[in-house]
Structures are given as C-alpha cells and as structure tokens.
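Take a look at the structure set out below.
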Amino acid sequence: MYLIVEDKIKEAIENGDFDDLPGKGKKLDLRDELPGLSPELNQAYKMLKNAGFVPEENEDKKTGESTTSGDLLTYATGETQNSKAQKQKEAEAFVQKRKLHLNSAYQTYRQKILKRLSRG
C-alpha cells in the first residue's frame, strides 16, 4: 500500500499537480492557534478558521482562555448557542447589577421569570 501511495505522489509531482498550491515555498505554521485551549478544541478552531468560519474580528480578540466550545459551535453553525444555564446566569447578573434582588416583588416573581427565560 505504501508503495502505491509513494508512486502516486511522485507521479503528481512530475505532472506539476502541486505547483500551484497556496503557500508553496512557505514554512508551515505549527504553533497552536490558541494556546489556552485543549488540543481537541484547538484542532477544531484551526479547522473552522481554515474553512473560513471564524470571523476576522474574533481571530485577534480571542485567547485560548476566553474561547469556549460554545464559541466554536457558534462559528460552525452561525447561531449563538444559549443554554438554559447561560440564560439563567445572564439573568442573575442583570438582577445583581440592578439590585433587583433587594426588591420584595422580585422575590415573588423570580421563579416565573427564570422559567420564562429558559423557554426561549
């Protein structure tokens, strides 16, 4: 099997099939794109970036520590992924920021608000 593959590669080189490849003559960039990511997520990021799914503004801003699997899923699908837990977290942050937790009316309606947020 190995010899067949070698022969095909040599034949392609002789025919000039590799002459017009992008990046010809340039060194390969083998460094991690985002060093804080796990190897699996880093590979997924590289694949999405090479396929043109990572917006340019995100290439410069994101670091491995701030990139999540949710970000990668958003790049791949084009849709923001908000889980129930994420929505609740955002709602709680909003409540704390506005000091709504001190309001007795909020305590009465808290569960209804969170239930509504988790639906949609």
Side-chain angles (χ1 to χ4, degrees):
M1 179 73 171
Y2 174 74
L3 294 176
I4 295 171
V5 172
E6 277 294 313
D7 289 340
K8 291 283 186 183
I9 292 173
K10 286 179 185 176
E11 184 180 322
I13 290 172
E14 290 171 6
N15 292 338
D17 293 342
F18 298 134
D19 290 347
D20 296 329
L21 293 177
K24 180 182 177 192
K26 296 180 183 176
K27 291 183 178 181
L28 291 176
D29 184 9
L30 300 176
R31 67 179 167 78
D32 285 344
E33 294 287 334
L34 298 171
L37 286 179
S38 69
E40 296 83 10
L41 290 179
N42 201 355
Q43 187 63 31
Y45 178 81
K46 281 183 186 180
M47 289 169 52
L48 290 169
K49 181 180 173 191
N50 290 340
F53 284 97
V54 177
E56 288 184 26
E57 64 269 8
N58 291 13
E59 289 181 31
D60 297 331
K61 292 180 184 176
K62 291 285 186 180
T63 64
E65 290 79 28
S66 65
T67 301
T68 65
S69 58
D71 292 330
L72 297 178
L73 192 55
T74 299
Y75 298 152
T77 63
E79 298 175 4
T80 303
Q81 306 298 318
N82 277 334
S83 66
K84 180 179 177 182
Q86 180 66 26
K87 288 180 182 178
Q88 285 183 337
K89 184 178 175 183
E90 291 171 1
E92 290 295 338
F94 177 80
V95 166
Q96 294 296 322
K97 183 178 177 183
R98 300 284 183 144
K99 299 185 180 179
L100 297 175
H101 62 287
L102 302 175
N103 187 330
S104 60
Y106 172 75
Q107 296 303 328
T108 305
Y109 293 105
R110 180 179 182 275
Q111 288 302 320
K112 290 181 181 180
I113 293 169
L114 292 177
K115 187 175 180 180
R116 171 79 49 99
L117 286 173
S118 68
R119 277 195 246 150

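For the numbers below, each heavy atom of this structure counts, side chains included, while hydrogens, waters and symmetry mates do not.
Partner of Glu11 under the side chain to side chain contact (heavy atoms under 4.5 Å, CB included) criterion, out of Ile13, Asn15, Asp7: Asn15 alone. Checked against Val95 for a side chain to side chain contact (heavy atoms under 4.5 Å, CB included), the options Leu100, Asn103, Leu102 give a single hit: Leu100. Test Gln43, Lys49, Met47 against Tyr45 for side chain to side chain contact (heavy atoms under 4.5 Å, CB included) and you get one pass: Lys49.
Distance check, rounded to the nearest 0.5 Å: NE2 of His101 to CZ of Arg110 gives 11.5 Å. Once rounded to the nearest 0.5 Å, the distance linking NZ of Lys46 with CG of Leu48 reads 13.0 Å.
In the displayed structure, Asp20 atom CG is contacted under 6.0 Å by at most 12 heavy atoms of other residues, nucleotides or ligands. Residue Tyr106 qualifies as enclosed at atom OH: its count of foreign heavy atoms under 6.0 Å is above 12.
Scanning all heavy atoms of the two residues, the minimum distance from Phe18 to Ile9 falls at CE1-O, 4.0 Å.
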